[in-house]
Amino acid sequence: MPGLAAPLIAWYRDAARDLPWRREGFGAWGTLVSEFMLQQTPVNRVVPHLEAWLTRWPTPADLAASPPGDAVTQWANLGYPRRALWLHRAAVEIRDRHDGVVPRDVDALLALTGIGDYTARAVAVFAYGDRHPVVDTNTRRVLARAVEGRAQPGPPNRRDLEAMEAELPADIAEAAIVNAAAMELGAIVCTARAPKCEACPLAAQCAWRAAGYPASEDRRRKQATYEGSDRQTRGAVLKTLREAAPAAVPAFAIIPEWPDAAQRDRAIDSLIADGLVEAVDDHLRLPGHPAS
DNA sequence: GACACGTGGAT
DNA sequence: TATCCAAGTGT
């Protein structure tokens, strides 16, 4: 089986999008913030928020010095607001454990709040130029198709890292490009729906294409309905508090017209349990500095 | 390993 | 309109 590296590198040189975190000297903190924002949120929605974030908090210490609620407010409507809280915690950890410098070591990165297998290696590779396999959902789909001949990848697995490692050149700089190129291909060519196979640099060697594009076995779980969900309820509560911040809001004024009052109250309790909301007297607000 | 966790654009 | 999908992580 011929490797994917050479055609990916050649394709990426011409096809890569011009994205902020690919600019020369973007910095490890910028890379880290971008990766947090990109966890399950599309690129086009991230870009403007990323620039505003880095203008307000140019270093981890700057963010760590602000109350966590400010991070939740600045996060705005990017979704999964716990990521804002985790990013704030990671900034505190970086300040306290790493002298304010984003660590380079993968294990040190993995020890930070909100950083898992993907983000840790993305920072080590894209910010610091080290050699590791970086595997996101795009890469998993590219490998599933080009190498395994399947329409969709199976569930995430630690073997994914080994599968990508097998495609990386020994050269450190080239390995980084192959990581980025596999993600980019999955994002703009080898897409989940309507892949552009006629424009794919791997078409000649794609196992899925060679097998006649067999359909996936479709064991994927359907995404839960959002309308009427607890997630929607939490989102509505938090939106109210973001828009009022930094002021606290009387508890009775939190989405008072919500159809299911019990669901609303459960959402508030779960947000408090998650540390996204604080209760003070009969008011709610986004979290301030912890009492010392 | 399954599940919870936001939000908005595309089909 | 309903469903799918998006640079994942923690429990």
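Please read these numbers as outputs of a predicted model, since none were measured by experiment. Letters go in sequence order (proteins before strands), and every chain restarts at 1.
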[X] [atom1] - [N] [atom2] separation (whole Å):
| X | N | atom1 | atom2 | result |
| --- | --- | --- | --- | --- |
| A:Tyr226 | B:dA4 | OH | P | 15 Å |
| A:Leu276 | B:dC5 | CG | P | 11 Å |
| A:Gln152 | C:dC5 | CD | C1' | 10 Å |
| A:Leu109 | C:dA7 | CG | P | 21 Å |
| A:Leu161 | C:dT9 | CG | P | 11 Å |
| A:Arg231 | B:dT7 | CZ | P | 10 Å |
| A:Asp117 | C:dT11 | CG | P | 15 Å |
| A:Tyr80 | B:dG6 | OH | P | 7 Å |

Give [X] one of three labels, base, sugar-phosphate or nothing, depending on what nucleic acid heavy atoms sit under 4.0 Å from its own.
| X | result |
| --- | --- |
| A:Gly116 | sugar-phosphate |
| A:Arg266 | nothing |
| A:Ala192 | sugar-phosphate |
| A:Thr119 | sugar-phosphate |
| A:Leu85 | nothing |
| A:Leu78 | base |
| A:Trp75 | nothing |
| A:Pro156 | nothing |
| A:Arg141 | sugar-phosphate |
| A:Arg193 | base |

Grab the two heavy atoms, one from [X] and one from [Y], that are nearest each other, plus how far apart they are.
| X | Y | result |
| --- | --- | --- |
| A:Val147 | A:Leu4 | CG2-CD1, 4.0 Å |
| A:Val46 | A:Trp21 | CG1-CZ3, 4.3 Å |
| A:Pro20 | A:Val47 | CG-CG1, 3.9 Å |

Considering only C:dA7, C:dT9, B:dG6, which nucleotide approaches the side chain of A:Trp86 most closely?
->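 Output: C:dT9.
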Do any side-chain nitrogens or oxygens of [X] fall under 4.0 Å of OP1 or OP2 in [N]?
| X | N | value |
| --- | --- | --- |
| A:Arg83 | C:dT9 | no |
| A:Asn138 | C:dA7 | yes |
| A:Asn77 | B:dG8 | yes |
| A:Arg89 | C:dT9 | no |

Sidechain-backbone polar pair: A:Glu148 side chain, A:Ala207 backbone, donor-acceptor under 3.5 Å |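 Flag not set: sc A:Glu148 to bb A:Ala207 has no pair under 3.5 Å.
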Which ones in residues 34-47 of chain A lie close to DNA chain B, meaning a heavy atom under 4.0 Å from one of its atoms?
->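 DNA chain B contact set from residues 34-47 of chain A: A:Gln40, A:Thr41, A:Arg45.
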Joint hydrophobic cluster, A:Leu112 plus A:Val33, side-chain heavy atoms closer than 4.5 Å =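 Shared cluster, yes.
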Name each donor-acceptor pair under 3.5 Å that joins a side chain in residues 7-15 of chain A to protein atoms two or more places apart or in another chain, with its distance.
residue: A:Tyr12; atom: OH; partner: A:Arg22; partner atom: NE; Å: 3.2

Check: A:Trp208 ring centroid to A:Tyr213 ring centroid under 6.0 Å |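 Aromatic pair counts; centres sit under 6.0 Å.
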Nearest-angstrom distance, P atom, B:dG6 to C:dT1 =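 My reading of the P atoms in B:dG6 and C:dT1 gives 26 Å.
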Which whole number of Å gives the distance between the P atom of B:dC5 and that of C:dA7?
->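 Roughly 22 Å separates the two P atoms.
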For A:His283, all residues meeting side chain to side chain contact (heavy atoms under 4.5 Å, CB included), sequence neighbours excluded =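 Scan of A:His283 (side chain to side chain contact (heavy atoms under 4.5 Å, CB included), adjacent residues dropped) gives A:Ala248, A:Pro250, A:Val280.
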Which value, rounded to the nearest 0.5 Å, describes the distance between A:Leu63 atom CG and A:Gln74 atom CD?
->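 Nearest 0.5 Å value for the CG-CD distance: 10.0 Å.
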